[in-house]
> 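Mind looking over this structure? Questions follow.
Proteins come first, then strands; the chains are lettered A, B, ... in the order of their sequence lines, and each starts at number 1.
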Protein chains: 2
Amino acid sequence: MNPVGRPKNFEPDVVIAQAMETFWTKGYADTSPADLAEATGVGKGSLYHCFGSKRELFGKVLDLYNKVGAEVTEQVLSEPGTAKERIRALLVLLVDMDLDGPVRRGCLAQNAVAEIGGHDEAAKRAVLRMEQRMVELFAARLEQGQRDGDVDRALNARAQGLYLETTLAGLRTMAMTFDRKALYQIIDTALAGL
Amino acid sequence: MNPVGRPKNFEPDVVIAQAMETFWTKGYADTSPADLAEATGVGKGSLYHCFGSKRELFGKVLDLYNKVGAEVTEQVLSEPGTAKERIRALLVLLVDMDLDGPVRRGCLAQNAVAEIGGHDEAAKRAVLRMEQRMVELFAARLEQGQRDGDVDRALNARAQGLYLETTLAGLRTMAMTFDRKALYQIIDTALAGL
DNA sequence: ATAGTTCTTGAACTACAGGTCAAAAATCAG
DNA sequence: CTGATTTTTGACCTGTAGTTCAAGAACTAT
């Protein structure tokens with residue numbers, strides 16, 4: 001049942017994850033095929049053989065980023081606590097992750113849309129899908145809170161979800177330049193209405 | 001008192017403004033010296049003679065962007081109305097400007113920090129200064145509102161200013177992918193607490 | 001007019017990005 | 001083993017980014 005022919009000596013999924021780190025840290029334009037080869041340990045030729053082009057590999061990277069992001073979000077939001085507590089925990093976690101790394105690199109999806117969104121409709125659609133997903137996850141957690149009784153029933157969960165995703169995007173932009181104290185204060189202010 | 005030597009046949013400030021449009025639309029990496037020469041009508045050699053390098057010209061562009069942004073903000077915030085009304089007007093204006101152009105290009109400063117912030121400390125500092133300026137302008141307008149009696153005296157103007165700048169950053173990110181209706185709804189939600 | 005200065009023009013250069021390809025290597029079917 | 005298939009390797013290629021430079025043009029001062 002094995003595929004015929006010489007076997008790959010790498011796992012595409014691992015390579016995509018390594019490429020994600022490189023694109024995330026250096027940006028799309030500033031990541032060369034040579035960089036990717038070095039970061040993954042796979043020859044340039046093999047990368048092209050497997051993924052077709054730099055842009056296609058980046059597409060796979062965005063898919064992975066979307067998947068991981070959604071998983072982390074679902075995980076954190078579903079832990080015990082009120083909606084407000086869990087949403088705060090998510091925002092704090094992401095801010096901490098942004099600041100704890102050796103270099104501020106923000107959100108890969110936002111960086112992608114900023115860098116290539118202007119001339120790459122597919123990239124824009126991919127990022128839109130991620131954002132919509134996040135809106136839904138926020139909204140769903142708020143509705144859960146309404147059922148649990150820790151969120152006002154009068155609140156428009158959908159609108160609040162959209163707002164929270166905006167806040168998250170803003171936070172990650174601010175996390176490129178501001179310090180932790182300011183970012184925590186922003187979280188407090190943004191969640192004051194919940 | 002005229003400068004000695006052959007006169008320039010272009011205005012550096014105009015060239016900077018034209019370069020701003022190009023960088024804004026295409027992004028930093030994707031804008032070549034040839035693009036800049038075409039956009040400005042000035043020869044590549046002259047551009048280098050005058051500005052030194054692509055990166056230095058971009059530095060001037062960021063300075064101009066900062067100046068224009070601050071001027072527009074001060075203008076809009078100082079028109080008649082309550083603090084909430086004026087801040088809403090500013091957010092609406094910026095969203096409209098983002099959406100009315102032929103191509104979604106977001107905020108030049110955010111794009112810059114997303115694209116080159118990771119390996120360009122000077123760019124990061126320039127964007128931080130702009131953001132801090134905006135925080136101050138928001139805070140000052142809120143304090144004005146407190147004196148006018150249309151903003152709660154208990155409100156922490158500094159924290160709210162930081163929050164509003166974050167909201168603005170998030171909005172402009174969302175303006176890359178979402179439609180006008182969603183963005184207006186976000187503004188409503190974000191300002192509900194004022 | 002000449003000298004000194006500053007700007008323009010366009011060719012030239014180096015380096016590397018992004019991608020292709022031919023040949024060899026590693027597997028499987030028969 | 002042979003042949004078919006798939007992958008690896010690394011050399012190679014084309015185009016362009018970013019920059020420099022030499023020559024000449026346009027000005028001021030004397």
Side-chain angles (χ1 to χ4, degrees), chain A residues 1-16 18-62 111-112 115-116 118-120 122-123, chain B residues 1-16 18-62 111-112 115-116 118-120 122-123:
Chain A
M1 292 295 168
N2 271 341
V4 98
R6 176 171 177 169
K8 284 185 177 48
N9 64 11
F10 62 89
E11 288 289 338
D13 286 352
V14 172
V15 164
I16 292 168
Q18 292 165 323
M20 181 171 85
E21 293 302 317
T22 308
F23 279 125
W24 199 349
T25 302
K26 304 196 56 168
Y28 180 75
D30 204 39
T31 296
S32 69
D35 291 331
L36 292 167
E38 187 183 352
T40 60
V42 176
K44 257 198 317 184
S46 293
L47 290 176
Y48 275 87
H49 182 65
C50 183
F51 298 105
S53 71
K54 178 180 163 181
R55 178 61 185 81
E56 285 175 81
L57 173 54
F58 189 64
K60 301 282 191 188
V61 163
L62 284 183
N111 295 350
E115 192 173 348
I116 63 176
H119 51 83
D120 191 322
Chain B
M1 288 302 166
N2 271 341
V4 98
R6 176 174 178 169
K8 285 185 177 48
N9 63 10
F10 62 90
E11 288 289 339
D13 286 352
V14 173
V15 164
I16 292 167
Q18 291 166 323
M20 181 172 83
E21 293 302 316
T22 308
F23 279 126
W24 199 349
T25 301
K26 306 195 53 166
Y28 179 76
D30 205 39
T31 296
S32 68
D35 291 330
L36 293 167
E38 187 183 353
T40 60
V42 176
K44 263 199 306 187
S46 294
L47 289 176
Y48 275 87
H49 182 66
C50 183
F51 299 105
S53 73
K54 178 180 164 183
R55 179 60 185 83
E56 285 175 79
L57 172 55
F58 189 65
K60 301 281 190 187
V61 162
L62 284 182
N111 295 350
E115 193 172 348
I116 62 176
H119 51 82
D120 191 323

> In residues 52-62 of chain B, which residues come under 4.0 Å of DNA chain C by heavy atom?
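Within residues 52-62 of chain B, no residue comes under 4.0 Å of DNA chain C.
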> Report the distance from atom OH of A:Tyr48 to atom P of C:dC21, rounded to the nearest whole Å.
13 Å
> Expected output is a numbered-order residue list: members of residues 19-28 of chain B with a heavy atom under 4.0 Å from any atom of DNA chain D. What is it?
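Result for residues 19-28 of chain B: none.
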> Take atom NZ of A:Lys8 and atom C1' of D:dT5, then tell me their distance rounded to the nearest Å.
12 Å
> Strictly under 4.0 angstrom, non-hydrogen atoms only: write out the protein contact profile of nucleotides 9-15 of chain D, one letter per nucleotide from the 5' end, B, S or -.
BB-----
> Among C:dT8, D:dT8, C:dT5, which is the nearest nucleotide to the side chain of A:Phe10?
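Nearest listed nucleotide: D:dT8.
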> Return the set of residues passing side-chain contact (heavy atoms from CB on, under 4.5 Å) with B:Ala112 (not counting sequence neighbours), or none when no residue passes.
B:Phe58, B:Leu62
> Write out all pairs satisfying salt bridge (Lys or Arg N to Asp or Glu O under 4.0 Å) with one or both partners inside residues 18-31 of chain A, taking only residues at least two apart or from two chains.
A:Glu21-A:Arg105, A:Lys26-A:Asp35
> Taking the side chain of B:Val4 as heavy atoms from C-beta outward, which of C:dG18, C:dT6, C:dT27 is closest to it?
C:dT6
> Which pair of heavy atoms, one from A:Tyr48 and one from A:Pro33, lies closest together, and at what distance?
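Scanning both residues completely, I find the closest heavy atoms to be OH-CG, 3.4 Å.
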> Considering all heavy atoms of both residues, which atom of A:Ile116 and which atom of A:Ala123 are nearest to each other, and what is their separation?
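Where A:Ile116 meets A:Ala123 most closely, the heavy atoms are CD1-CB, 3.8 Å.
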> How far does CG of B:Leu57 sit from CG of B:Leu36, to the nearest 0.5 angstrom?
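Atom-to-atom, B:Leu57:CG and B:Leu36:CG are 6.0 Å apart.
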> Quick one: salt bridge (Lys or Arg N to Asp or Glu O under 4.0 Å) pairs with a partner in residues 38-47 of chain B, sequence neighbours left out?
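Sorted pair list comes back empty.
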> If I compare all heavy atoms of A:Ala39 with all of A:Thr22, which pair ends up nearest, and what's the gap?
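Looking at all heavy atoms of both residues, the shortest contact is CB-OG1, 3.2 Å.
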> Quick one: closest heavy-atom pair of B:Thr31 and B:Gly27, and the distance?
OG1-O, 2.7 Å
> What is the distance, rounded to the nearest whole Å, between atom NE2 of A:His49 and atom P of D:dT6?
8 Å
> Anything under 3.5 Å between a donor and an acceptor, one on a side chain of residues 7-16 of chain A, the other on a protein residue two or more places apart or in another chain? List them.
none

> Where along residues 31-38 of chain A does a heavy atom fall under 4.0 Å from DNA chain D?
none
> Not counting sequence neighbours, list each pair that qualifies as a salt bridge (Lys or Arg N to Asp or Glu O under 4.0 Å) and has a residue in residues 52-61 of chain A.
A:Arg55-A:Asp120
> Please give, in whole Å, the distance from D:dG18 P to B:Phe51 CZ?
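Value for this atom pair: 16 Å.
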> With sequence neighbours left out, write down each residue that passes side-chain contact (heavy atoms from CB on, under 4.5 Å) with B:Ala29, or none if nothing qualifies.
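In terms of side-chain contact (heavy atoms from CB on, under 4.5 Å), with neighbours along the sequence ignored, B:Ala29 is linked to A:Ala29, B:Glu115.
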> Quick check: on DNA chain D, is the nucleotide nearest B:Ala29 upstream (toward 5') of the one nearest B:Gly5, or the reverse? Name the residue that is more 5'.
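The 5'-side residue here is B:Ala29.
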> Side chain to side chain contact (heavy atoms under 4.5 Å, CB included) between B:Asn111 and B:Tyr28: does it pass, once the steps are laid out?
CA-CA 9 Å; B:Asn111 295 350; B:Tyr28 179 76; over 6 Å; no
